[in-house]
6 protein chains.
Amino acid sequence: MEVNKTILTFGEILLRFSAPNHQKLTQIKTFDVHIGGAEANVAVSLALLNNKVKYLSRLPNNDIGDLIIKELKSYQVNTDLIIRGGDRTGTYYLEKGASVRSSKVVYDRKHSAFSEITSAMFDWGQIFENVHWLHVTGITPALSYSCQKVYIEMLKIAKSMDVTISFDINYRRSLWSIKEARKIIDTTLKYTDVLFMNRGVAEEVFGIKTSTENVDAIDVFSEITKKLTSFCNPKHIAYTNRDVESASNNNWQGVLFENNKGVCSKNYTIDIIDRIGAGDAFAAGIIHGLINQYDNQKTIDFATAASALKHTIIGDFNLVNKDEIMELMYNSAPGYVKR
Amino acid sequence: MEVNKTILTFGEILLRFSAPNHQKLTQIKTFDVHIGGAEANVAVSLALLNNKVKYLSRLPNNDIGDLIIKELKSYQVNTDLIIRGGDRTGTYYLEKGASVRSSKVVYDRKHSAFSEITSAMFDWGQIFENVHWLHVTGITPALSYSCQKVYIEMLKIAKSMDVTISFDINYRRSLWSIKEARKIIDTTLKYTDVLFMNRGVAEEVFGIKTSTENVDAIDVFSEITKKLTSFCNPKHIAYTNRDVESASNNNWQGVLFENNKGVCSKNYTIDIIDRIGAGDAFAAGIIHGLINQYDNQKTIDFATAASALKHTIIGDFNLVNKDEIMELMYNSAPGYVKR
Amino acid sequence: MEVNKTILTFGEILLRFSAPNHQKLTQIKTFDVHIGGAEANVAVSLALLNNKVKYLSRLPNNDIGDLIIKELKSYQVNTDLIIRGGDRTGTYYLEKGASVRSSKVVYDRKHSAFSEITSAMFDWGQIFENVHWLHVTGITPALSYSCQKVYIEMLKIAKSMDVTISFDINYRRSLWSIKEARKIIDTTLKYTDVLFMNRGVAEEVFGIKTSTENVDAIDVFSEITKKLTSFCNPKHIAYTNRDVESASNNNWQGVLFENNKGVCSKNYTIDIIDRIGAGDAFAAGIIHGLINQYDNQKTIDFATAASALKHTIIGDFNLVNKDEIMELMYNSAPGYVKR
Amino acid sequence: MEVNKTILTFGEILLRFSAPNHQKLTQIKTFDVHIGGAEANVAVSLALLNNKVKYLSRLPNNDIGDLIIKELKSYQVNTDLIIRGGDRTGTYYLEKGASVRSSKVVYDRKHSAFSEITSAMFDWGQIFENVHWLHVTGITPALSYSCQKVYIEMLKIAKSMDVTISFDINYRRSLWSIKEARKIIDTTLKYTDVLFMNRGVAEEVFGIKTSTENVDAIDVFSEITKKLTSFCNPKHIAYTNRDVESASNNNWQGVLFENNKGVCSKNYTIDIIDRIGAGDAFAAGIIHGLINQYDNQKTIDFATAASALKHTIIGDFNLVNKDEIMELMYNSAPGYVKR
Amino acid sequence: MEVNKTILTFGEILLRFSAPNHQKLTQIKTFDVHIGGAEANVAVSLALLNNKVKYLSRLPNNDIGDLIIKELKSYQVNTDLIIRGGDRTGTYYLEKGASVRSSKVVYDRKHSAFSEITSAMFDWGQIFENVHWLHVTGITPALSYSCQKVYIEMLKIAKSMDVTISFDINYRRSLWSIKEARKIIDTTLKYTDVLFMNRGVAEEVFGIKTSTENVDAIDVFSEITKKLTSFCNPKHIAYTNRDVESASNNNWQGVLFENNKGVCSKNYTIDIIDRIGAGDAFAAGIIHGLINQYDNQKTIDFATAASALKHTIIGDFNLVNKDEIMELMYNSAPGYVKR
Amino acid sequence: MEVNKTILTFGEILLRFSAPNHQKLTQIKTFDVHIGGAEANVAVSLALLNNKVKYLSRLPNNDIGDLIIKELKSYQVNTDLIIRGGDRTGTYYLEKGASVRSSKVVYDRKHSAFSEITSAMFDWGQIFENVHWLHVTGITPALSYSCQKVYIEMLKIAKSMDVTISFDINYRRSLWSIKEARKIIDTTLKYTDVLFMNRGVAEEVFGIKTSTENVDAIDVFSEITKKLTSFCNPKHIAYTNRDVESASNNNWQGVLFENNKGVCSKNYTIDIIDRIGAGDAFAAGIIHGLINQYDNQKTIDFATAASALKHTIIGDFNLVNKDEIMELMYNSAPGYVKR
């Protein structure tokens with residue numbers, strides 16, 4: 001039986017301009033428009049899985065802000081907390097690669113309404129009303145110094161109110177240095193109940209290298225987990241394991257650790273339609289499993305199936321429902337036409 | 001040399017609304033529109049192979065009916081027999097899957113003009129004028145009780161006029177139960193000269209399970225054929241053998257039996273553009289081969305190549321001509337650019 | 001350090017009408033429009049690699065001519081030499097295949113402005129001003145007798161001015177017979193410093209068959225090179241080696257010989273977006289390497305990576321820059337999202 | 001100051017398939033998809049004007065039902081009351097005319113989930129919780145006998161609970177005869193507080209002809225009002241007055257009567273983008289004015305400006321906000337670019 | 001009651017590439033594709049009015065030829081006489097103007113399959129089987145000398161077989177000079193039973209100037225008719241009278257003379273969607289009226305309403321049926337939504 | 001005969017995201033992309049009129065910067081001076097109105113690369129090489145304080161080098177106050193040889209009200225000119241006179257003064273496709289006329305015709321050539337189809 005807890009996610013949401021049909025950015029005459037952001041993606045996934053979700057962000061008081069809020073509402077995400085103000089909505093341009101050609105993101109998110117938040121804008125009492133779970137990512141503190149301050153303040157308040165905190169490290173080299181990041185990440189880890197990361201982050205942020213010859217996923221991530229838990233202590237650590245064949249084809253697997261004991265999902269081979277947001281779909285799947293008291297094996301299977309499906313959905317949001325995820329978890333031949 | 005016989009196909013034709021670019025149905029703002037229906041698909045294929053084809057159906061007397069007839073005419077299918085009347089054209093919504101995500105069909109075909117046909121609407125003498133071959137499928141009797149009555153009446157008249165009858169079982173769980181279906185299917189088999197089916201139908205409708213360890217296609221289908229011919233006696237039985245890797249990639253092979261002797265085509269590995277109608281393209285290929293007195297090997301090779309190509313054509317109709325099919329049959333490297 | 005030489009390419013440029021979304025030509029209601037031609041494709045590639053390039057052609061004095069020149073200018077190709085006049089721009093219709101279905105080109109290029117060029121239209125002194133390299137292909141002399149005359153005249157003048165000449169045989173069966181072609185090709189080879197070709201051309205034009213059992217690329221092309229250099233003597237011969245799995249998937253490799261010594265690139269497995277112009281992208285890569293004094297290994301690696309990337313770009317032009325090519329050359333996992 | 005009352009609208013919502021770019025229905029290969037229905041249109045308008053709105057309807061439990069609910073949610077319409085079940089969503093095909101060519105609607109709404117509602121499906125207590133206003137139209141009782149029964153039952157309950165009832169006669173010849181309609185309409189009028197209609201309805205339904213020579217709008221509608229109020233007694237009667245120049249150009253004016261005293265808006269000359277839903281936009285404007293205690297002149301000015309703007313919005317919903325309406329009401333030159 | 005005569009039209013059919021959304025030709029990345037040609041347009045109109053129509057032309061034996069024939073078939077035009085062969089299908093590029101900007105056509109029709117017809121290709125006996133009416137235009141003899149020869153031969157044969165001949169002068173300055181044209185036109189007039197022209201042609205071809213101060217259409221065209229019938233003697237002369245306000249707005253009227261007695265239609269003010277083919281729609285309307293024995297007033301009203309509607313239809317063909325034309329003829333307010 | 005002078009324009013260029021098909025910004029799923037900016041628009045117009053033009057701006061060193069430069073190059077604008085650097089390209093969102101609905105622009109241009117220019121980035125010697133004319137607008141100094149400094153410095157250098165300076169006041173309320181603006185504008189006027197403005201600017205910036213009852217354009221603008229020349233002394237003052245009927249229909253006229261003597265163009269009634277950039281097209285027309293020594297009447301006629309045509313061109317640039325402008329100037333019926 002599913003428990004109905006209110007989840008809060010907090011972060012920036014961006015307008016995405018995608019070059020249609022695998023065109024290069026310099027070829028386009030039109031852009032496909034989607035909206036997304038790590039924490040908003042998690043919010044939408046959780047709402048589509050029938051969890052109660054509030055999303056906290058800041059958006060300008062203009063039509064672009066309205067456009068975004070309208071779409072979040074359509075997915076039943078509670079947008080009442082969103083602060084209106086500031087000059088601009090962050091955006092990014094996406095050139096979708098194919099085969100031997102990588103995808104490329106050109107960010108235009110500086111000076112966004114969100115990056116200019118200050119503590120005075122937030123009424124924490126109202127914000128945390130009925131909230132049992134808070135999800136944040138490492139992108140927020142990387143955006144600006146004022147974001148860092150609000151972010152740390154929020155973590156402290158959440159912890160003081162016994163809210164469960166999940167944290168996706170999501171390290172972005174283009175936003176801050178390892179040195180800056182490490183300080184904030186290490187602080188965050190003290191508050192973290194559920195941690196999301198992958199091998200790249202382990203190596204880049206924490207200097208934890210793992211032998212690539214060791215092919216068993218559990219073993220690889222056991223090693224990482226041991227090293228991580230030597231200096232922090234989240235209850236759960238969930239890893240995604242992406243193996244890139246080409247921009248069109250990846251392998252995708254998930255691993256979940258609790259008390260140094262790991263379980264792993266099957267390994268999906270995926271023809272990619274749109275991989276942006278897959279990590280967020282995975283995080284949402286784990287949170288959903290934990291909140292709804294799935295056992296760890298079911299949780300990792302659910303989260304990995306959900307995020308495997310994300311790769312086939314256009315846009316940042318993972319627009320699948322529980323039935324579709326369950327079907328992939330339990331059905332060996334997912335390619336039939338359902339009539 | 002090809003003999004010019006008139007073929008009649010009879011059934012419902014639907015408007016199909018496809019979500020563009022692998023979008024989910026809940027994401028769309030436009031639909032791509034195609035038309036199709038099992039028996040109409042067979043008619044179009046046969047017309048494009050230069051056979052004389054009449055298509056019998058019922059469509060409302062409005063612009064949507066006109067749209068469909070206009071397209072059938074463009075493929076040189078004779079539409080003079082189509083009855084105009086009734087309230088609505090059946091439709092269906094198609095969400096095209098990809099990779100780990102299945103395709104999904106949402107039918108809206110109840111109460112269609114065709115489902116409300118009655119015997120009084122049909123002038124069998126006029127309909128069967130010059131007809132040597134009749135093709136029907138198990139979808140028609142599944143639509144309504146009045147459809148069943150017309151369908152059975154038609155089979156009897158066809159048989160009495162020495163018309164060759166081909167029958168594609170096409171069992172659709174969502175339209176009727178096995179029990180209902182079995183009664184009509186068994187009756188139809190008495191009239192059937194050429195039967196189309198596959199392993200799924202063998203198991204679901206007739207309870208004929210085949211070992212999945214037995215990898216030789218001929219052996220598998222021999223076993224099915226033996227069991228089938230214990231209670232019915234079509235001259236030819238043609239099987240399609242689809243092996244689903246994912247929604248994007250399938251293997252596809254055909255097998256044809258006559259007098260318990262089977263021949264099989266090569267096995268195609270296919271990147272899928274649109275698989276709706278592949279079975280109908282196969283049926284049309286078999287009918288074309290038999291009418292034009294190809295030997296069984298050439299017939300199965302032709303039908304399988306034709307239906308392999310269908311997977312690369314957008315829409316329900318298999319818009320390839322004989323040259324393109326022959327090229328695939330005889331050319332080991334189909335991927336060159338023909339200049 | 002890169003030397004800045006002016007390169008001249010000379011040939012016909014066509015408007016291409018592509019059926020969108022893998023449609024058959026008989027299904028279309030709109031065409032995607034691109035422009036391209038073997039020598040113009042080479043010019044655009046070289047300009048995007050920051051070489052100085054002039055393109056010589058003839059186009060009608062109407063909006064379609066303007067459209068083409070406008071696009072060439074946008075890629076920084078010098079179009080000052082283009083002669084305006086004649087009735088029409090050559091065009092072609094492209095039906096893009098998929099999987100088991102081949103792509104198909106329907107040419108409509110007869111009577112084009114370019115095919116009606118005469119020597120009197122050309123002021124060779126002005127044309128070759130500052131030119132150090134001339135690139136031509138076997139398509140030009142195949143277009144008309146008057147094209148042949150201008151083409152041969154041009155080669156002679158170029159040679160007399162010590163211009164380096166590169167030649168892509170590009171034999172097109174539909175334009176002329178082997179017999180006609182051989183005469184012109186053999187003449188051209190006398191002037192050729194850098195030759196582009198492949199196994200198909202070796203067999204079809206020169207009757208040089210190579211064992212398909214011999215799987216080592218260097219060995220296969222060594223054999224061809226030996227036979228070729230028995231009757232001609234280019235300084236470099238560059239081969240592309242395409243292995244067609246299906247219309248959607250090819251393997252692609254390049255080999256470069258100098259003094260009978262060959263080097264070869266890695267072999268790319270490619271999911272194809274648009275393969276038209278890949279050979280031209282390869283030629284441009286080789287010319288760029290030679291002009292910029294890359295060693296032969298780097299040259300073949302660069303040219304093959306450039307042309308592998310071309311398969312993922314829509315349109316005939318290879319819209320990648322040097323950084324993107326280098327990244328593929330040196331990066332083992334090209335499928336990541338660059339943020 | 002605006003009072004925050006909950007408004008309930010009740011009726012059928014349809015999927016609309018529009019032929020793009022003024023194409024005829026028989027020309028199309030894609031449809032633009034919108035959703036709409038008289039009462040849903042009113043609901044969306046009122047929600048966008050920041051009123052609290054619940055919408056009551058019935059939709060099948062499939063992706064098409066989900067699509068519609070998702071869009072209603074995005075406009076902040078409360079959809080919690082919507083009943084899920086039944087076979088199909090009603091649809092209609094729209095061919096947009098231009099100039100001398102009329103627009104054409106082809107309905108396919110029979111047997112819809114809504115048309116098959118029964119009283120047992122409705123929990124009136126829950127439905128009318130906090131409801132102060134109910135809006136209905138003459139389309140609902142025209143759909144089926146069971147719709148009539150639910151509709152009459154609902155009116156009685158609403159009246160018994162002192163809910164204000166607004167009624168748009170919206171007579172549709174294709175759905176029922178004048179005789180059938182008159183019976184239900186006359187019954188409805190007994191419960192009606194605010195009535196919406198126009199000259200066409202006056203003449204067709206009530207046989208009230210007005211001299212076309214009489215050019216003053218107030219005089220014309222005074223005459224109608226006098227005749228109407230001889231047999232019924234709504235507090236307000238609001239009329240739209242459309243003068244059709246061509247399918248591309250109309251004049252549009254509104255008139256509002258209370259106690260036989262009329263006020264009228266200015267007369268707008270409009271180049272039409274999409275006129276479907278203009279009457280509903282007008283009704284919403286009147287309801288908004290009355291609920292928010294505008295005086296009658298401001299109410300009719302507001303409703304007419306809102307519905308004039310609707311003619312420029314694609315789709316059935318009137319996606320304008322209060323500022324945009326006010327600007328048109330008070331700004332004599334609406335065509336400037338707002339920067 | 002309508003008589004069922006077979007009408008033959010003869011001429012060239014072109015592929016039209018239209019710049020979408022009022023773009024300039026130099027802006028486009030896609031073209032909308034339509035097919036059309038003066039005589040084919042007449043054929044399609046007549047077929048849609050349920051007349052029996054054969055269309056005679058020549059098209060290459062490739063996919064583009066197939067595309068065109070497929071579309072003609074969809075409109076029930078008999079295409080059995082179309083000769084396959086030659087190199088190319090004529091094309092033209094259309095830049096649609098707006099308001100103060102004129103539309104522009106760039107022809108690319110030289111060397112088309114049709115322009116290279118020779119008498120030896122035609123089996124006149126077969127062609128004229130059951131033909132009672134032949135429609136030709138002045139475009140055909142303007143295309144090439146060989147076209148002229150076939151055209152004159154055809155006229156003679158038609159006349160010898162008592163076929164009614166209608167002739168639309170359609171003078172195109174860009175194709176031939178007045179001097180050349182006059183010779184052929186004068187010859188044609190000897191065979192012409194029904195003549196189509198306008199004021200521009202009267203002045204440009206025959207030097208008949210009419211006072212622009214004389215505003216009565218009948219008077220103006222009476223004067224032209226008198227001068228024309230001094231040297232030729234068609235039974236009917238039908239004129240279109242276009243008054244160009246701007247590229248977006250025209251007035252349009254028709255006048256029909258028989259025995260120097262003229263009748264004229266109402267004058268339509270039209271917002272233009274696509275005016276290409278309006279003259280052909282008018283000619284088809286006149287032919288339809290004469291064949292079906294409408295009186296002259298009904299004939300000119302029908303033809304003018306039909307061609308007024310053409311201005312609102314995208315593409316060269318006039319896709320309206322008799323009901324739609326009749327509605328405009330008899331309905332004073334054409335802009336209502338037909339539900 | 002036209003003199004070939006080099007013109008320099010200087011300012012910001014923006015990416016424009018337009019909602020397609022008159023959609024509201026909150027409805028979109030795709031944006032049409034164009035580029036534009038007041039001074040870039042003037043540059044493109046002048047280049048298309050075969051003047052030599054350099055454009056000076058600053059753009060980030062990423063794909064979006066490349067996209068813009070590529071398009072400018074395609075119009076033969078010299079882009080060698082463009083400085084690469086900074087974070088972002090300014091953008092704006094355009095909602096195109098219709099009829100009673102105004103168009104709306106949502107700017108997102110703060111913090112653009114251009115707004116952060118500093119004097120140190122500019123090498124004035126190189127920039128003004130061969131420059132005879134400089135065009136600036138009041139937008140540049142409104143963007144930032146550092147822009148103001150560069151702008152004033154540039155004007156001084158230009159004047160010191162005897163460069164002719166044209167200035168379009170282009171006052172934008174949303175960017176700065178009248179008070180701030182007046183200071184800079186008054187300074188600029190000291191350097192201005194050719195001034196562009198309109199009645200709105202006269203009233204808003206200079207407080208010069210003109211009687212709206214005075215209908216003669218020359219008289220109205222004489223009055224303004226007299227008041228203006230009391231405190232500044234440009235050689236030419238050119239006014240546009242827009243009369244807004246609705247968002248779809250405007251009247252448009254130009255007036256040019258020299259020595260207090262005015263000439264005015266005809267008054268165009270225009271159905272609007274896209275009016276953004278019309279003022280810039282007008283400025284370019286005036287500059288072209290003055291540089292090419294047209295007399296004042298021809299200059300104002302040319303500029304007004306050019307800018308009238310702009311209203312029919314999609315995007316900010318006025319993509320018409322001299323022939324098209326001349327045709328409108330001298331042709332009373334601009335709506336014919338040019339074949």
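Throughout, protein chains are lettered first and strands after them, A, B, ... in sequence-line order, and every chain is numbered starting at 1. Below, all heavy atoms of this structure are taken into account, side chains as well, without hydrogens, waters or symmetry copies. Only a predicted model underlies this, so the values are computations on that prediction, with no experimental measurement involved.
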Pick one of side chain, backbone, both or neither for F/N21, based on which atoms fall under 4.5 Å of a heavy atom in chain D. both
Heavy-atom distances under 4.5 Å only: say whether F/R173 touches chain D with side chain, backbone, both or neither. neither
Can you confirm whether more than 12 heavy atoms, excluding those of D/K338, are under 6.0 Å from its NZ atom? yes
D/L319 backbone acceptor or donor facing F/Q27 side chain under 3.5 Å: no
Might you point out which heavy atoms bring D/L309 and F/V100 nearest each other, and give the distance in Å? CD2-O, 3.7 Å
CZ of D/R339 to CD1 of F/I276, rounded to nearest 0.5 Å, is 5.0 Å
Of all of F/A247, F/G97, F/S103, which one pairs up most often with chain D through heavy atoms under 4.5 Å apart? F/S103
Side chain, backbone, both or neither: which part of D/S74 has an atom under 4.5 Å from a heavy atom of chain F? neither
Given that the side chain runs from C-beta out, which part of F/K104 has a heavy atom under 4.5 Å from chain D: side chain, backbone, both or neither? both
Please report the interatomic distance NZ(D/K310) to CZ(F/R101), rounded to the nearest 0.5 Å. 9.5 Å
Among D/V320, D/T269, D/I273, D/I272, single out the residue with the greatest number of heavy-atom pairs under 4.5 Å to chain F. D/I273
After noting the C-alpha distance and the side-chain angles of F/S99 and D/H311, does the key distance pass the side chain to side chain contact (heavy atoms under 4.5 Å, CB included) rule? CA-CA 9 Å; F/S99 191; D/H311 292 78; over 6 Å; no
Interatomic distance, OG@F/S246 vs CD1@D/I270, rounded to 0.5 Å, equals 10.5 Å
Do you know which of F/R242, F/Q23, F/H22, F/R172 has the most heavy-atom pairs with chain D at a distance under 4.5 angstrom? F/R172
